[in-house]
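Report on the following structure.
Just so you know, ligand 1 is whichever comes first in the structure, and atom 1 is the first atom listed for that ligand. Hydrogens, waters and symmetry mates play no part in the numbers below; they use all other heavy atoms, side chains included.
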Amino acid sequence: MKKMIIAWLGLVVTPLMAADNGVPPKPYGAVPSAAQLRWHEDEIISLVHFSTITYADKEWGYGDEPATLFNPTAFDARQIVRSAKDGGVKLLLLVTKHHGGFCLWPSKYNDTYTVKNSPWRDGKGDMVKELVDACRAEGLKVGFYLSPWDRNHKDYGMPEYVTYFHNQLRELLTNYGEIHEVWFDGANGGDGWYGGAKCTRRIEAEKYYQWDKVMAIVRELQPKAVCFNREDIRWVGNENGTAGDPCWATMNGDGEGSGVRGGSIWMPAESDFPQRNGWFWHPNDHTRSPADLLGRYFASAGRNTVMNIGIAPDRRGLICEDDAAALKGFGDRVRDIFATNLATSAKITASNSRPGFPPDNLIDAKPATYWASDDDMLTPSVTLDFGKPVTFSVISLREYIQLGQRVDDWALDLWDDGVWKEFAAGTCIGAHRLWRGQPITTGKIRLRITKAAACPALAEFGVYLEPEASRREAGKALANAMETGLPKTGWKIVSTSCKGEGELVGNAIDGNPRTLWSTHDKAGHHSPPQEVVVDMGESHELSGFLYLPRQDSITAGNVDRYAFYVSADGKEWGNPAAQGEFGNILANPVQQKVTFDKPATGRYFKFVGLHSADAPFICVAELGVTATK
Ligand code: FUL
């Protein structure tokens, strides 16, 4: 949940590139600040999640996971940073403190729950410093994520905690050199350990944290930093690395997702998603393939947003071999695709160019030079004439965003036997727009701007051929990486607590992720807790269970607290085999895999949805179980 967005009226106009003998176009609407511009240029950035809960197999810490759990035996900051760098990452955002409250640096404001209280480096280490130093050595920029919500702190919900939060921010932004992004997540309030109180504390996020003071600290101490989820950068609205199309860099002060065409504020979107299913490393999770990451790159960085890929050190304190290989594989594919810009071999002409801003600026590989048309020419076109047939499958367009987002609609044509034929069209270019398709062979390509709010100003028109192997993988990449667990043949629903009309409880075990059991039907809501009992037909020794939240882009009813029982006869249930929380299920509704503390044997299981994060009913797309062997 990252719903904290406020209006920012202090637009900063950066100096315009003065071209030889030319009068640059006037900026249109909102424009990026210098810090935002640098962030756009980074294009691929990365969050690093590592904490006590890496050892507790959770996505959100409750706040009582002992600091003594934190004991990476082979922690190597350089290995982590290099793995990210292999994936093309330019800025590493360190999760210095997640919702569980454990601090990766020895904060002078906390005596009980930091690396100082852990066995790592005998309590003398500073993980933030080691990672920052490694970033500097490898040439990466640094950012900090500091969770406002703190489920460990005894004062959370009271003014004292806010002082603590501000002090920690000040400490982090003072002691570690130049910082380029500060990240505030929107997950807030609710239950937690809170110094042993174990209760629910609700806060009014907009008021409680005193954001004006927070922003003053950031601006004073780190003027080059952009702030995520406040003032500078907005959340794209999901955690799967897919931006809307179009996705505007501008907004009107509130909202997320796709932004607002011609909005008064420059507040572009960041598309964050974890490299694995979860943000933290889990033993039974797995990495996404290079091809999958590449698909998300086109759908995020290629849609005017910055791609933020979450990496997660394992319990040794390393990016595990599979993840490191996938990052490198992804980085290699991006580097291979964009190695040769075919457009540089073409003769480039434009239907109109303003003096001093020729179309050659589109293919000179310089982001600071651009082609622009005369003020009254809103729909100009540019033609690349290769003089011979060339084959391409990727087109890259960039506006010169220092002058704002000016282009609405565009189209691409190929020259086919003496006539132009349109092969692609879209809305929105912004910082970077990528088109990816099947290979096309032609002697000429034309870009038409078909609608613009002000005369277009473009910095790049790139033409590339994605290597065949990389392209072939693309189709396969999106195959669902879901685990199915034990086969469900012969499974039967024994009973359910929900006696709703048109009961569709069978959908929870039909093996189809698209069908749903919901306890909200025509008769109304059937509030949690709600349960279902399943007969598996024969007895199994189970190692855990699988819960798939709804996969229809709606989050309502997804379970965030559960209990799971196993029984030999379906009558005696005993203690739950597992009970707990599905942390972060609202923002990242992926399959949840729970491993029991010890194996549980039986022919029957009972799943209880104890609570839903945002609705008075529960939903299950699919339930499954995993066996010990
Ligand atoms: C989310 C948090 O709640 C997750 O745990 C994670 O830190 C992610 C980057 O933001 O909303």
Side-chain angles (χ1 to χ4, degrees), residues 1-5 44-63 65 84 89 91-104 128 131 143-152 156 165 172 181-192 203 205 209 226-230 233-243 256-257 269-282 285 288 296 300 305-313 323 549 555 558-561 580-593 613-614:
M1 275 192 297
K2 305 186 186 71
K3 293 257 157 78
M4 308 177 297
I5 292 193
I44 306 176
I45 66 175
S46 181
L47 275 159
V48 189
H49 282 74
F50 192 32
S51 187
T52 47
I53 58 171
T54 306
Y55 301 85
D57 206 5
K58 292 184 185 172
E59 273 292 281
W60 280 359
Y62 185 66
E65 296 75 19
V89 169
L91 179 153
L92 208 63
L93 281 153
L94 316 177
V95 176
T96 61
K97 181 189 83 163
H98 198 250
H99 311 327
F102 181 74
C103 307
L104 290 194
V128 170
L131 283 162
F144 287 155
Y145 169 124
L146 181 70
S147 171
W149 186 23
D150 189 323
R151 300 172 99 183
N152 173 267
Y156 185 78
F165 175 54
L172 284 168
E181 183 161 351
V182 183
W183 225 87
F184 296 117
D185 181 73
N188 254 297
D191 59 345
I203 50 105
Y209 298 112
V226 289
C227 199
F228 175 85
N229 216 6
R230 317 294 314 174
I233 309 296
R234 73 178 194 269
W235 185 38
V236 78
N238 64 57
E239 290 184 355
N240 62 34
T242 320
E256 287 163 355
E270 193 173 296
S271 303
D272 63 319
F273 71 98
Q275 181 186 1
R276 314 181 120 228
N277 266 317
W279 290 98
F280 285 88
W281 186 88
H282 302 272
D285 200 353
R288 298 185 202 274
R296 290 170 213 266
S300 58
T305 77
V306 162
M307 171 177 175
N308 180 345
I309 172 172
I311 63 170
D323 291 15
T555 56
N558 282 339
V559 172
D560 67 352
R561 285 209 301 275
E581 175 179 74
F582 296 133
N584 202 33
I585 198 154
L586 267 191
N588 189 21
V590 293
Q591 185 182 44
Q592 308 288 311
K593 302 175 191 174
D614 65 348

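The distance from ligand 1 to the heavy atoms of His49 drops below 4.0 Å at these ligand atoms: 6 (C), 7 (O), 9 (C). Atoms of ligand 1 found under 4.0 Å from any heavy atom of His98 (numbered from 1 in listed order, with element): 4 (C), 5 (O), 6 (C), 7 (O). Against a heavy-atom cut-off of under 4.0 Å, His99 is close to the following atoms of ligand 1: 2 (C), 3 (O), 5 (O).
Residue Leu47 touches ligand 1 through its side chain alone, judged by heavy-atom distances below 4.0 Å.
Counting only N and O atoms by type, the side chains of Glu239 and Asn584 include a donor and acceptor under 3.5 Å apart. Between the side chains of Trp235 and Asp272, a donor-acceptor pair is found at a separation under 3.5 Å.
The aromatic rings of Tyr209 and Tyr156 sit tilted relative to each other, their planes meeting at an angle between 30° and 60°.
Between Glu239 and ligand 1, an N or O atom pair is found at a separation short of 3.5 Å. Distances between N or O atoms of Asp272 and those of ligand 1 include no value under 3.5 Å. Taking distance alone, with nitrogen or oxygen atoms compared against 3.5 Å, Asp185 approaches ligand 1 more closely than that limit.
For the pair Tyr145 and ligand 1, a heavy-atom separation below 4.0 Å is found.
The side chain to side chain donor-acceptor pair (under 3.5 Å) test with Glu59 is passed by exactly one of His98, His282, His99: His282.
Residues that satisfy the side-chain hydrogen bond (donor to acceptor under 3.5 Å, both in side chains) test with Tyr55, not counting sequence neighbours, are absent from this structure.
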